[in-house]
Amino acid sequence: MAGAELELISNIVRNGDFSSVRKRNVTTSSFQTEEARTVFQWLWDQFHDEHSLGSLPDKTKFERRWPD
């Protein structure tokens with residue numbers, strides 16, 4: 001994953017919210033690498049899942065899903 005993309009995804013997981021991402025209109029297509037697009041889409045889906053109530057998975061769940 002490109003450095004800036006990794007940093008953005010790390011910040012999303014660390015902070016647990018999409019507010020800065022939404023303000024900047026970042027979408028899955030904003031990412032250059034397939035890996036980053038896949039991870040971002042998973043986070044986005046988790047955030048918008050009716051069972052998660054607008055929250056993101058914690059770091060432990062994220063690391064279980066994306067160990068690398």
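Quick caveat: nothing in here was measured; it's all calculated off a predicted structure.
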Quiz prompt | From CZ (F47) to CD1 (I12), nearest 0.5 Å | solution = 10.0 Å
Quiz item: Can we call the ring centroids of F40 and F18 under 6.0 Å apart?
Solution: yes
Practice problem: Report yes or no: does D49 contribute a side-chain atom to a donor-acceptor pair with the main-chain N or O of D45 at less than 3.5 Å? | Solution: no
Quiz item: Hey, what do you get for CD (E34) to OG1 (T28), rounding to the nearest 0.5 Å?
Solution: 10.0 Å
Quiz prompt | For Q46 against K61, the heavy-atom pair lying closest together | solution = OE1-NZ, 3.3 Å
Self-check item: Nearest-0.5 Å distance that lies between atom CD in E35 and atom CG in L6
Solution: 8.5 Å
Quiz item: How far apart are the closest heavy atoms of D17 and L56, and which atoms are they?
Solution: N-CD1, 3.5 Å
Exercise. Please lay out, stage by stage, how W66 and T38 fare under the test side-chain contact (heavy atoms from CB on, under 4.5 Å).
Key: CA-CA 10 Å; W66 307 102; T38 301; 3.6 Å; yes
Quiz item: In Å and rounded to the nearest 0.5 Å, what is the OG to CG distance from S30 to N25?
Solution: 8.5 Å
Self-check item: Nearest non-hydrogen partners of S29 and T27, listed with the distance
Solution: OG-OG1, 2.9 Å
Practice problem: Take atom CZ of R24 as the centre, draw a 6.0 Å sphere, and report whether it contains more than 12 heavy atoms from other residues, nucleotides or ligands. | Solution: no
Quiz item: For the atom pair CD (E5) and CD (Q32), what is the distance rounded to the nearest 0.5 Å?
Solution: 5.5 Å
Practice problem: Answer yes or no: is there a side-chain heavy-atom contact under 4.5 Å between F62 and I9? | Solution: yes
